[in-house]
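Owing to the predicted nature of the structure, the values given are computational and were not obtained by experimental measurement. Heavy-atom basis, side chains included; hydrogens, waters and symmetry copies ignored. By convention here, the first residue in the shown sequence is residue 1.
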Amino acid sequence: MSDFELLDPSGVPIGGAQSAGGTDALLDGLNPAQERAVIARGPALLIVAGAGSGKTRVLTHRIAHLIREREAWPSQILAITFTNKAAAEMRERIDGLLGEASQGMWVSTFHSACVRILRREAERFGYVSGFTIYDSADSRALLKRIIKELDADTYGFTPANAGAKISRLKNELADAGAYAATMNASDPRDRLFVEIFTMYEQELRRANAFDFDDLIGQTVQLFRAHPDVAAVYQRRFRHILVDEYQDTNHAQYSLIRELTKPVEPEEVAGLMPPARERELDASGRIPPASLTVVGDSDQSIYAFRGADIRNIVEFERDFRGAEVVKLEQNYRSTQNILSAANAVIGNNFDRQEKNLWTSEGDGEQIVGFTGYSQHDEARFVAEEIEDLHRAGIAYGDVAVFYRTNSQTRALEELLIRSAIPYRVLGGTKFYERAEVKDAMAYLTSIANPYDPIAWSRLLGAPKRGIGPMAEAHLANFQEAQGVSFHEAMARADEVGPLGPKLRTTVRELAALLLRAARMAAGGGASDVAGEEAAPAPVGDVLKLILDETEMIEKLRAKRDPQDDARAENLEELLAVAREFDVKQPGAGLLAFLTEVSLVAAADDLDDSSGTVSLMTMHTAKGLEFKAVFITGVEEGLLPHQMSVDEVGGISEERRLMYVGITRARERLYLTLASTRATFGDVSVAMPSRFLQEIPERLIAWRQSPGEVTGRGGTASRALNAPRGSGYGSGARGTSRDSVVSFGSGAAGRGSGAAAVSEPASGNMQSALDKWRERKRQAKAAQAAGGGFPNLIGGSARDNGDLELGTGDRIRHDEYGEGRVTGVSGTGSKRIAHVVFDAVGERKLLVKLAPIEKIEADAAD
């Protein structure tokens with residue numbers, strides 16, 4: 001009986017090793033490093049797999065080689081990936097190589113493998129095998145109840161920030177008791193957090209449930225507390241393979257360490273079936289399993305999720321006798337792109353040295369562009385995408401990356417106006433984000449204090465203790481009295497069911513809305529007697545709202561990366577308002593809401609060649625595109641300002657840049673702006689240090705930072721860089737010293753609090769039902785009429801009725817005059833194809849384009 005029959009006597013015989021041509025089918029076509037990674041044997045193997053180097057192929061061929069050579073039964077192999085999609089792809093590839101011979105193998109995520117183990121062993125530590133697994137929504141609901149019960153919201157605790165902290169601790173294998181032993185006992189927030197964490201653990205236990213983070217941590221604790229259980233799995237899995245090892249956290253690392261320990265003689269004695277002599281080494285132990293890990297320290301970008309780069313950097317120290325194989329030949333990108341990636345990442349020191357190369361040639365130079373503003377940058381991106389599309393590259397093969405979600409606003413607006421179909425991956429379109437809609441609700445209600453939808457939304461943004469019953473009483477009072485919602489709030493003393501504290505809160509909010517409305521309407525004191533004051537800039541009105549409500553400060557105070565991103569979105573909205581004030585001085589709030597509504601309500605465009613993908617650089621990991629635009633390559637954005645003071649922060653940002661660069665197959669664009677509107681003000685931006693790390697010869701600057709500052713930073717790209725012969729093919733300036741010539745800005749922080757809600761009971765329910773029906777009808781009316789500003793009326797610049805045909809002459813606010821060469825699409829998706837006299841061919845979404853039809857030339 002063979003070693004393999006010992007543990008899996010039902011194994012399927014493996015087919016022959018040779019292909020029809022006499023070569024080894026599993027090794028045929030592999031480069032020398034890949035072949036070594038497939039056939040190497042030993043206690044531990046680290047495969048350092050550079051971007052695009054074929055790591056999945058190597059991993060699957062290694063597994064197939066182990067099985068085919070009868071070095072392991074399928075059931076003795078555990079292959080771990082990070083996503084279910086990656087696990088399914090790996091199993092499909094192995095099945096393609098071996099057919100039915102691969103049955104019985106564990107190919108799964110960390111969490112799936114741990115669930116299988118815990119289901120089998122749950123009774124060992126007081127659970128039943130049918131335990132419940134709480135998803136993120138379940139965990140949030142439980143934490144929300146605990147926080148309310150402890151009044152912890154008054155200390156700024158939310159389900160989001162408490163859950164994130166609990167998750168971080170569990171990934172470090174720390175429970176509430178361990179945290180209590182090291183906390184600052186004089187800090188009331190720390191003491192309260194221990195209470196929250198303790199109650200959370202107790203409630204999970206009472207419900208016979210685990211949350212997602214428990215699955216790995218409890219498996220590690222099971223193995224440590226019950227060595228006999230651990231011995232069963234240490235004996236079974238003789239080959240453990242882990243993909244994306246650079247992304248492992250402490251709990252995942254600990255699980256791998258437990259599974260790769262030897263089975264000591266005292267545990268060997270209790271194994272069933274009994275251990276045979278051939279399984280044991282000279283000391284009577286079952287030797288450790290062979291461990292293979294695949295990863296790249298240069299692509300470790302998830303420290304904020306708990307990933308520990310030390311796991312891969314220190315692998316050779318952790319696993320003595322490990323062999324290291326480097327996969328450096330890239331099968332994805334051109335050499336110019338790889339050389340830029342190598343140059344950038346070479347400035348990091350916490351890495352295994354490697355140098356990506358390809359046999360496919362240098363390819364196109366990287367294109368650099370510096371805009372005068374983020375709008376100028378976005379316009380370049382939109383126009384260049386259209387050029388690529390005309391050259392035969394499908395929209396679906398193009399991606400635009402950015403460091404923060406707040407950067408999408410200018411990009412989205414220019415893509416919409418240029419009639420380019422796009423989607424936001426891993427995120428929400430700018431004007432659909434909750435915090436943006438919250439702030440817009442204030443502005444909408446100021447413009448129209450009779451709008452029930454906007455008013456209902458602003459009451460709870462941020463939370464201030466106005467619950468659904470109080471809202472219903474105010475709304476019904478407003479309807480009965482025939483007054484605006486703002487006046488109903490100002491007369492809160494007349495609304496019987498409201499308590500004294502709540503009345504004060506409502507009156508204060510009403511006073512804020514009244515001040516903002518007067519400012520927006522220009523109804524304040526005038527400078528000259530008898531003259532009416534001009535309406536205040538929209539940016540000032542919005543800043544008043546944000547300052548008085550402390551919406552940004554309260555988000556910042558939560559100290560959660562997601563809330564920081566939401567705060568940045570509000571700051572970007574303030575920048576939108578400031579830009580509007582500059583473009584249309586004195587136009588007022590209604591015009592601003594109308595312009596925003598047209599962009600926000602624009603229909604998604606359809607195109608047979610797919611859609612351009614917009615995403616953060618973190619989301620881009622694992623993807624690839626023919627053409628990639630990395631935008632906002634500036635100090636403070638990339639690297640992000642928050643990384644500067646963090647230990648290892650700049651190194652992680654450099655790895656993020658490396659990941660972004662290596663997503664591009666054929667074309668790479670690096671863009672930035674010389675000025676960027678942030679925090680409501682326009683500040684000067686400085687090119688990223690990462691740009692300086694890329695050799696000059698690799699970048700062809702369409703417009704360099706030096707050219708922009710040399711022109712004073714005031715002219716628009718449309719006038720300064722007209723499309724002409726050769727525009728798309730050459731560099732406009734490649735001066736290396738021009739790359740560093742801007743300054744930078746900074747942001748602030750604040751603090752905030754939370755609130756409570758009130759129940760509905762008894763005869764109060766009828767008031768609540770009445771208000772809900774009114775809101776339902778208002779939403780239905782809004783949906784029928786369309787437009788973000790809900791019930792706001794007034795004139796709007798909307799080209800929906802503009803009829804255009806081939807040969808028509810039009811005038812564009814920025815591009816000047818041109819001739820229509822064709823119109824495609826129908827309704828709100830009509831697209832005009834125009835050749836402009838100054839800038840050449842453009843594509844415009846008729847509904848939103850700033851155009852007008854003009855008389856035909858005399859020559860026509």
Side-chain angles (χ1 to χ4, degrees), residues 78-88 106-122 124-147 157-179 193 196-224 242-256 258-259 301-308 311 426 560-563 618-619 621-622:
L78 170 63
I80 299 177
T81 69
F82 269 79
T83 66
N84 289 317
K85 180 181 178 182
W106 281 29
V107 181
S108 67
T109 63
F110 276 101
H111 295 93
S112 297
C114 288
V115 168
R116 293 179 71 173
I117 293 170
L118 291 175
R119 293 279 187 213
R120 294 179 181 182
E121 313 294 344
R124 291 280 193 146
F125 52 105
Y127 283 78
V128 297
S129 60
F131 59 78
T132 302
I133 300 173
Y134 276 22
D135 63 16
S136 56
D138 298 325
S139 295
R140 280 197 305 271
L142 175 56
L143 283 168
K144 183 177 181 180
R145 178 162 60 82
I146 292 170
I147 288 169
F157 283 104
T158 65
N161 61 27
K165 189 169 183 177
I166 289 172
S167 178
R168 284 195 299 271
L169 289 168
K170 287 190 173 185
N171 286 330
E172 291 294 323
L173 299 179
D175 58 12
Y179 182 78
F193 175 73
I196 295 170
F197 197 177
T198 301
M199 286 184 65
Y200 180 71
E201 289 182 323
Q202 290 171 346
E203 290 300 315
L204 284 175
R205 183 83 186 190
R206 187 176 292 118
N208 192 47
F210 294 127
D211 67 17
F212 211 56
D213 296 308
D214 282 329
L215 298 175
I216 298 174
Q218 289 286 358
T219 306
V220 172
Q221 300 299 349
L222 168 68
F223 287 166
R224 290 176 177 176
V242 185
D243 194 12
E244 302 286 6
Y245 190 67
Q246 78 280 350
D247 293 334
T248 51
N249 59 34
H250 179 68
Q252 292 159 342
Y253 167 81
S254 299
L255 176 67
I256 294 164
E258 293 299 323
L259 285 170
I301 59 173
Y302 296 127
F304 67 96
R305 293 182 189 168
D308 191 342
N311 293 347
D560 182 283
Q562 290 184 331
D563 288 317
H618 283 99
T619 304
K621 176 93 162 30

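- Between Ile166 atom CD1 and Asn161 atom CG the span is 10.0 Å, to the nearest 0.5 Å.
- Between Pro159 and Ile147, the closest heavy-atom pair is N-CD1, 3.5 Å.
- By the side-chain hydrogen bond (donor to acceptor under 3.5 Å, both in side chains) test, Gln246 pairs with Glu244, sequence neighbours left out.
- In this view, Ser112 and Thr109 satisfy the side-chain hydrogen bond (donor to acceptor under 3.5 Å, both in side chains) rule, not counting sequence neighbours.
- Applying the side chain to side chain contact (heavy atoms under 4.5 Å, CB included) test to Glu172 and every residue at least two apart in sequence or in another chain returns His250.
- Residues Ala207 and Thr132 approach most closely at O-OG1, 4.5 Å, considering heavy atoms.
- Using a 4.5 Å heavy-atom threshold, the side chains of Tyr253 and Asp308 count as separate.
- Contacts of Tyr302 classified as side-chain hydrogen bond (donor to acceptor under 3.5 Å, both in side chains), with partners at least two apart in sequence or in another chain: none.
- With sequence neighbours excluded, no residue satisfies side chain to side chain contact (heavy atoms under 4.5 Å, CB included) with Ala88.
- Residues Ile196 and Lys165 are not in side-chain contact: their nearest non-hydrogen atoms beyond the backbone lie 4.5 Å or more apart.
- Between Phe304 and His618, the two ring planes are perpendicular [angle over 60°; tilted spans 30° to 60°].
- Pairs engaging residues 130-145 under the salt bridge (Lys or Arg N to Asp or Glu O under 4.0 Å) rule: Arg145-Glu203 [sequence neighbours left out].
- Considering all non-hydrogen atoms of both residues, Leu255 and Cys114 come closest at CD2-SG, 3.6 Å.
- Put simply, the side chain of Asp247 reaches to within 4.5 Å of the side chain of Lys621, judged on heavy atoms.
- Among residues two or more places apart in sequence or in another chain, the side-chain hydrogen bond (donor to acceptor under 3.5 Å, both in side chains) test is passed with Asn311 by Thr248.
- Partners of Ala141 according to the side chain to side chain contact (heavy atoms under 4.5 Å, CB included) rule, which considers only residues two or more places apart in sequence or in another chain, do not exist here.
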Side chain to side chain contact (heavy atoms under 4.5 Å, CB included) between Gln202 and Thr198, worked out: CA-CA 6 Å; Gln202 290 171 346; Thr198 301; 3.6 Å; yes

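- A distance of 11.0 Å separates CZ in Phe197 from CD1 in Ile146, rounded to the nearest 0.5 Å.
- Partners of Ala303 according to the side chain to side chain contact (heavy atoms under 4.5 Å, CB included) rule, which considers only residues two or more places apart in sequence or in another chain, are Glu652.
- Considering all non-hydrogen atoms of both residues, Tyr134 and Ser139 come closest at CB-OG, 4.0 Å.
- Environment of CZ in Phe212: sparse, with no more than 12 heavy atoms of neighbouring residues, nucleotides or ligands closer than 6.0 Å.
- Taking all atoms of both residues into account, the shortest heavy-atom contact from Ala162 to Phe193 is O-CE1, 4.0 Å.
- Residues passing the ring pair (Phe, Tyr, Trp, His ring centres under 6.0 Å) test with Phe110 are Phe82, sequence neighbours excluded.
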For residues 213-223, tabulate all N or O donor-acceptor pairs below 3.5 Å that involve a side-chain atom, not counting sequence neighbours.
unit_1	atom_1	unit_2	atom_2	d
Asp213	OD1	Ser167	OG	3.4
Asp213	OD2	Ser167	OG	2.8
Asp214	OD1	Lys170	NZ	3.0
Asp214	OD2	Lys170	NZ	3.2
Asp214	OD2	Asp211	N	3.1
Thr219	OG1	Leu215	O	2.6

All N/O donor-acceptor pairs, side-chain side in residues 115-122, below 3.5 Å, sequence neighbours left out:
unit_1	atom_1	unit_2	atom_2	d
Arg119	NH1	Ser129	O	2.8
Arg119	NH1	Phe131	O	2.7
Arg119	NH2	Phe131	O	3.4
Glu121	OE2	Tyr233	OH	2.9

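- When all heavy atoms of Trp106 and Ala113 are compared, the closest pair comes out as CZ3-O, 3.9 Å.
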